[in-house]
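Since the model is a prediction, treat every value here as computed from it, not as a measurement. To find a chain, count down the sequence lines: A is the first, B the second, and so on, and within it residues start at 1. Heavy-atom basis, side chains included; hydrogens, waters and symmetry copies ignored.
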Protein chains: 4
Amino acid sequence: MTRVGIMGATGYASADLMRLLLGHPAARITALAGRPEKTLRLPEMFPQFAGRLDLAIVPADPAHLASACDVVFVGLPHAAAMEYVAPFVAAGLRVIDFSADYRLKTPGLYEKVYGHPADEANLRHAVYGLPELYRDEIRPARLVANPGCYPTSAILGLAPLVREGLVAPGDIIIDSKSGVSGAGRTPKLLTHYPECNESLQAYGIGDHRHQPEIAEQLSRVGRVAVEVLFVPHLAPMDRGIESTIYARLLKDLKAADVADLYREAYRDEPFVVVRSEPPSTKHVLGTNYIHIYPTVVGGRAVVSAVLDNLTKGAAGQALQNLNLMFGHEETAGLK
Amino acid sequence: MTRVGIMGATGYASADLMRLLLGHPAARITALAGRPEKTLRLPEMFPQFAGRLDLAIVPADPAHLASACDVVFVGLPHAAAMEYVAPFVAAGLRVIDFSADYRLKTPGLYEKVYGHPADEANLRHAVYGLPELYRDEIRPARLVANPGCYPTSAILGLAPLVREGLVAPGDIIIDSKSGVSGAGRTPKLLTHYPECNESLQAYGIGDHRHQPEIAEQLSRVGRVAVEVLFVPHLAPMDRGIESTIYARLLKDLKAADVADLYREAYRDEPFVVVRSEPPSTKHVLGTNYIHIYPTVVGGRAVVSAVLDNLTKGAAGQALQNLNLMFGHEETAGLK
Amino acid sequence: MTRVGIMGATGYASADLMRLLLGHPAARITALAGRPEKTLRLPEMFPQFAGRLDLAIVPADPAHLASACDVVFVGLPHAAAMEYVAPFVAAGLRVIDFSADYRLKTPGLYEKVYGHPADEANLRHAVYGLPELYRDEIRPARLVANPGCYPTSAILGLAPLVREGLVAPGDIIIDSKSGVSGAGRTPKLLTHYPECNESLQAYGIGDHRHQPEIAEQLSRVGRVAVEVLFVPHLAPMDRGIESTIYARLLKDLKAADVADLYREAYRDEPFVVVRSEPPSTKHVLGTNYIHIYPTVVGGRAVVSAVLDNLTKGAAGQALQNLNLMFGHEETAGLK
Amino acid sequence: MTRVGIMGATGYASADLMRLLLGHPAARITALAGRPEKTLRLPEMFPQFAGRLDLAIVPADPAHLASACDVVFVGLPHAAAMEYVAPFVAAGLRVIDFSADYRLKTPGLYEKVYGHPADEANLRHAVYGLPELYRDEIRPARLVANPGCYPTSAILGLAPLVREGLVAPGDIIIDSKSGVSGAGRTPKLLTHYPECNESLQAYGIGDHRHQPEIAEQLSRVGRVAVEVLFVPHLAPMDRGIESTIYARLLKDLKAADVADLYREAYRDEPFVVVRSEPPSTKHVLGTNYIHIYPTVVGGRAVVSAVLDNLTKGAAGQALQNLNLMFGHEETAGLK
């Protein structure tokens with residue numbers, strides 16, 4: 001039985017992780033921790049856990065967590081995360097971090113994008129936790145940087161084409177739409193119900209922080225410098241991301257060729273489904289699946305990829321990583 | 001041309017009022033005012049007015065408003081409203097107030113419910129602005145207290161029965177459901193999209209501040225002490241109130257009798273439609289109409305009344321009051 | 001390992017049952033059946049099962065199902081259900097029926113309400129599958145009538161008061177609000193997105209078919225003839241029911257007394273949570289829990305009960321019944 | 001007073017047109033017509049018009065309409081529309097057609113896209129009703145083809161760049177998201193509430209019928225053969241379209257240059273607002289405005305354009321055309 005701690009237990013990704021862990025056959029939540037405030041009970045924060053998970057959220061103490069847990073998930077904003085990850089790793093804990101603090105490997109990139117120095121010592125050995133690409137590195141990792149929600153959809157949506165060098169690495173557009181839970185649990189006008197209900201809008205055009213994350217990973221996959229133009233949108237729904245991806249083909253491929261390529265690439269993946277028509281975000285709601293529909297229009301590959309931003313885009317993928325790290329069946333608690 | 005000022009121009013009711021005034025043939029917005037902060041342009045607060053109504057919102061000055069306007073609408077929280085209403089009235093302005101500050105006439109009731117002393121001087125001559133009940137008093141009024149959104153649905157939903165003494169005055173239940181805009185424009189967890197989307201819940205059971213307002217008005221209508229049990233609910237939609245009302249009948253009336261009573265009572269009302277099946281809030285979305293369906297089940301009158309909480313429940317009704325006060329056709333700008 | 005068949009595999013309750021069964025440690029879906037049409041694969045009907053449950057839906061054959069399954073869930077409209085339940089029972093299968101065909105025990109009541117003769121032979125031994133009331137009868141049952149979604153919220157919301165004779169049996173009002181999935185999967189204007197989104201309306205006032213079901217069960221609980229006035233509403237959300245219940249108290253009870261009564265009554269129930277503030281439907285979304293908040297206002301008990309209409313209101317409760325019938329832990333697959 | 005008839009009065013665009021006409025100072029609805037069925041009253045189809053517009057919908061008769069109306073709006077599916085438009089024009093009526101039947105001018109294109117022969121005789125003199133491009137041709141037109149909703153957003157979103165030859169005519173991608181009312185009022189599984197709520201999905205990738213309409217118009221604007229890759233998406237909201245447009249720049253323009261170009265191009269347009277941040281569909285809800293935000297990212301112009309698909313995308317634009325055709329102020333009834 002893997003003993004699990006959750007640091008930063010008050011966000012949506014953490015709540016989704018708890019939901020999933022309640023059904024896991026071989027992992028158990030043994031500690032919930034938060035940033036120094038008053039102790040409170042989980043159901044006060046999330047009434048959905050009343051009667052199901054009545055734990056206290058206590059101030060984080062590395063020594064205590066190291067004795068109570070085998071692994072800690074850290075669900076904190078960037079820069080805040082590394083303040084806890086470093087001492088947790090030092091205390092011997094294995095860590096799965098939801099933030100962006102350990103995702104960017106290119107020297108200097110993290111600081112450039114996030115305006116804060118990187119934790120170089122731990123960044124060096126951190127593994128980018130996308131199982132479909134890095135399963136073998138994840139298994140022994142001490143520190144896993146859980147991918148961003150948008151990047152997961154974009155990278156898996158493009159990897160088969162990029163890996164084979166079939167698309168122009170400088171002509172890729174990713175138009176993504178996300179549910180509102182992706183914006184976090186802190187109330188603000190943008191996410192106030194009467195503002196964002198019945199409303200769809202673009203934001204962060206060309207300067208969203210997930211753009212370098214996507215580009216860095218695709219560059220690794222393609223062994224070539226890949227650039228992407230990424231435009232996210234806020235859509236009036238709780239959960240879900242749909243990314244429509246446009247990439248100029250370097251060869252004359254038909255839709256069927258591209259479909260075959262994707263089916264072959266993801267044949268053994270337990271959570272990737274290659275569809276033969278455009279999927280809806282609802283088809284993956286609450287699950288760890290990503291559905292991908294690739295086609296070709298006028299010399300461009302067009303790919304629609306959908307996932308649940310809190311599950312495959314965060315908590316589910318994190319649990320998939322835990323399964324790999326602790327030798328459980330990769331799909332345990334996720335089917 | 002009636003010159004209109006709006007004090008507290010940053011809330012949803014004020015925004016709906018501006019929307020309506022843009023289409024009014026005989027009234028024009030001449031001033032937008034706010035509480036002492038920095039001046040800003042309306043489209044910075046409400047981008048929907050970009051290119052349509054590019055006015056500055058300036059700190060409120062009674063003398064300036066008195067010279068620029070014939071009437072001022074005040075859209076501020078209770079207690080804050082009276083700080084502005086009193087000097088506006090003193091400066092010779094006619095005022096239509098959206099808050100609860102001038103609604104409750106029973107001595108001491110305002111202070112008991114809102115925990116703040118009433119502005120007795122102006123409360124004395126304020127008129128409760130429900131045209132279907134008080135049209136003649138509204139016409140010459142200097143100060144109109146615009147009714148609450150829930151009370152408008154409940155009072156109009158019950159008035160025909162209560163006026164005729166047909167229901168037991170101590171056995172009335174009002175179960176209301178409101179869209180989220182009724183909770184105002186200040187972000188908070190309750191109205192954060194991922195919390196209240198796909199969610200319906202009761203709140204303020206038996207102690208909502210609109211309960212005494214409903215009871216006081218129905219007591220006037222029925223010339224008897226009426227008590228109501230009022231339970232509001234928050235429903236996942238922007239706008240709209242549905243009130244289902246249960247009242248024990250004192251006579252053996254059939255559904256058709258009650259329907260006839262309602263049709264007769266509202267025959268000449270331009271904004272009340274008596275329906276022969278239960279209405280949806282969507283049937284009145286964005287309009288000043290209230291649709292009412294009365295029936296009888298097992299000795300109880302059951303009435304479903306729907307309105308748009310921002311229009312007939314606030315801004316539309318306020319404009320209806322303006323029309324009465326300034327001699328315009330009652331439906332001007334509202335059809 | 002309990003082998004499970006699902007007859008009528010194309011409705012929302014059946015889909016939710018499959019979702020839950022995929023995570024059940026001791027039950028496995030071995031057959032999906034439908035009414036005589038062409039065979040199709042489940043993911044063609046429900047793309048969310050692509051890659052997870054790729055079974056064919058075949059025409060129902062009692063002999064085949066009896067060999068492949070230990071139990072069959074029947075998810076068909078009333079009257080259609082009994083055409084399959086009877087031969088299934090005859091073939092030795094245990095059956096859990098989602099329809100209303102075996103819920104009403106009062107002689108003649110089923111035919112009166114549903115306009116179709118009852119299957120008297122099987123009705124006689126059918127058990128009403130509400131575990132909180134009939135756990136012991138459910139364990140050995142051959143045929144379980146799974147309760148309606150509204151009735152589950154209303155009966156559990158009232159049972160503690162009615163059992164103790166604390167409320168007037170003729171003065172009970174149940175005002176319920178349901179998400180749209182409760183209306184089934186057949187497209188019609190009422191449930192067309194642009195019609196019911198941003199819309200709330202009452203329907204079936206006083207003549208909904210769940211009213212006699214609620215009254216019959218509460219009469220059994222209270223050993224007295226209980227009448228209820230039931231008014232359902234359609235709310236713009238996928239899932240969830242909130243029932244606000246008003247019942248005149250026969251004793252002078254305080255809110256705390258009633259809360260204590262409920263906590264005591266449900267102390268050992270794994271899926272009933274007595275809350276100390278009004279719950280939201282979102283607190284139980286996707287779960288088998290019912291959250292109940294009881295209070296007292298002016299001589300009336302007011303109770304707000306919420307559940308997910310597809311889970312505790314249908315599939316989850318059905319699985320809870322399966323667990324009881326086959327000796328699994330009652331919460332297996334449902335935590 | 002312009003006398004208006006509406007043929008095909010049962011769709012969403014027609015209903016929005018009626019809403020707008022009720023507030024028009026110089027136009028009045030004098031006839032509602034439908035396809036041969038039984039006569040019914042408008043409020044039976046659209047309860048929101050109860051008490052506001054209680055007209056009968058009668059079978060269409062060109063002679064009757066010609067005597068009762070100056071202009072007829074035709075709101076019918078493609079191919080069905082021309083069956084009525086031709087006789088209406090022959091009877092001397094001026095016609096504004098909502099369908100695609102008179103939009104495509106390239107010889108043979110209509111038949112290729114819609115699989116039905118064009119009405120060549122009337123197609124010849126039909127005017128594409130986009131006032132921002134063809135104001136002068138619309139004024140005297142006998143037949144106006146009202147533009148598609150997606151095309152309006154795409155054409156106005158691109159026209160300033162295409163007109164000046166600043167973008168590569170073969171490298172344009174249009175990623176659009178539409179509310180569900182765009183799919184019409186006929187219930188089907190795709191638009192059944194529990195299917196499309198909390199759901200976002202692409203459809204018609206690269207083969208939507210609005211793609212040739214966009215390309216033809218942009219080719220006229222740019223006097224060069226323009227090709228576009230158009231991908232629409234269904235978003236969970238009633239109304240609204242957001243189009244994010246990607247076009248490769250042929251010159252080294254900065255974001256400020258492009259913004260200046262757009263502001264200059266639309267300086268005198270009453271319904272086009274050039275914004276300095278990405279707009280939301282909610283900013284134009286229920287209005288005839290289009291908000292456009294243009295910027296530049298890495299050598300591509302990126303433009304986000306939003307409009308209400310039923311207003312500027314259909315009924316509002318149609319009314320704008322009526323105003324031009326009958327000499328009313330262009331914004332009459334639309335402010």
Side-chain angles (χ1 to χ4, degrees), chain A residues 15-16 18-26 43-54 181 193-194 197-198 236-240 263 266-293 306 308 311 331-335, chain C residues 15-16 18-26 28 43-54 181 193-194 197-198 236-239 263 266-293 306 308 311 331-335:
Chain A
D16 207 49
M18 295 178 216
R19 171 182 75 90
L20 295 168
L21 281 166
L22 282 171
H24 198 288
E44 295 173 66
M45 287 300 300
F46 290 111
Q48 65 264 40
F49 293 113
R52 298 164 75 194
L53 191 62
D54 190 12
S181 62
Y193 186 93
N197 186 43
E198 294 293 293
M237 55 191 190
D238 278 351
R239 302 166 72 135
R263 283 186 214 283
Y266 291 126
R267 203 174 26 138
D268 298 326
E269 284 300 334
F271 294 115
V272 184
V273 174
V274 180
R275 296 279 301 275
S276 50
E277 65 289 313
S280 155
T281 58
K282 200 159 199 170
H283 298 158
V284 295
L285 188 65
T287 81
N288 199 47
Y289 287 80
I290 176 170
H291 285 199
I292 302 177
Y293 168 69
V306 299
D308 184 316
T311 313
T331 60
L334 291 168
K335 272 290 182 184
Chain C
D16 207 50
M18 295 178 215
R19 170 180 75 89
L20 295 168
L21 282 166
L22 282 172
H24 197 288
R28 193 162 43 89
E44 296 174 63
M45 287 299 300
F46 289 111
Q48 65 263 41
F49 292 114
R52 298 163 74 193
L53 191 61
D54 190 13
S181 62
Y193 186 93
N197 185 43
E198 294 292 295
M237 55 190 190
D238 279 351
R239 304 165 71 133
R263 283 185 213 284
Y266 292 126
R267 203 176 26 141
D268 298 325
E269 284 301 334
F271 294 116
V272 184
V273 175
V274 179
R275 296 279 301 275
S276 49
E277 65 289 314
S280 155
T281 59
K282 200 158 200 173
H283 298 157
V284 295
L285 188 67
T287 80
N288 198 48
Y289 286 79
I290 175 170
H291 285 199
I292 302 177
Y293 168 69
V306 299
D308 184 318
T311 313
T331 61
L334 291 168
K335 271 293 186 182

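Considering OG1 of C/Thr331 and CZ of A/Arg52, their distance stands at 11.5 Å, rounded to 0.5 Å.
Using a 4.5 Å cut-off between non-hydrogen atoms, the part of residues 267-282 of chain A that approaches chain C consists of A/Val273, A/Arg275, A/Lys282.
With a 4.5 angstrom heavy-atom cutoff, A/Phe46 does not touch chain C via any of its atoms.
For A/Glu198, the side-chain hydrogen bond (donor to acceptor under 3.5 Å, both in side chains) partners are C/Asn197, not counting sequence neighbours.
By number of non-hydrogen pairs under 4.5 angstrom with chain A, the leading residue of C/Pro43, C/Pro47, C/Gly51 is C/Pro47.
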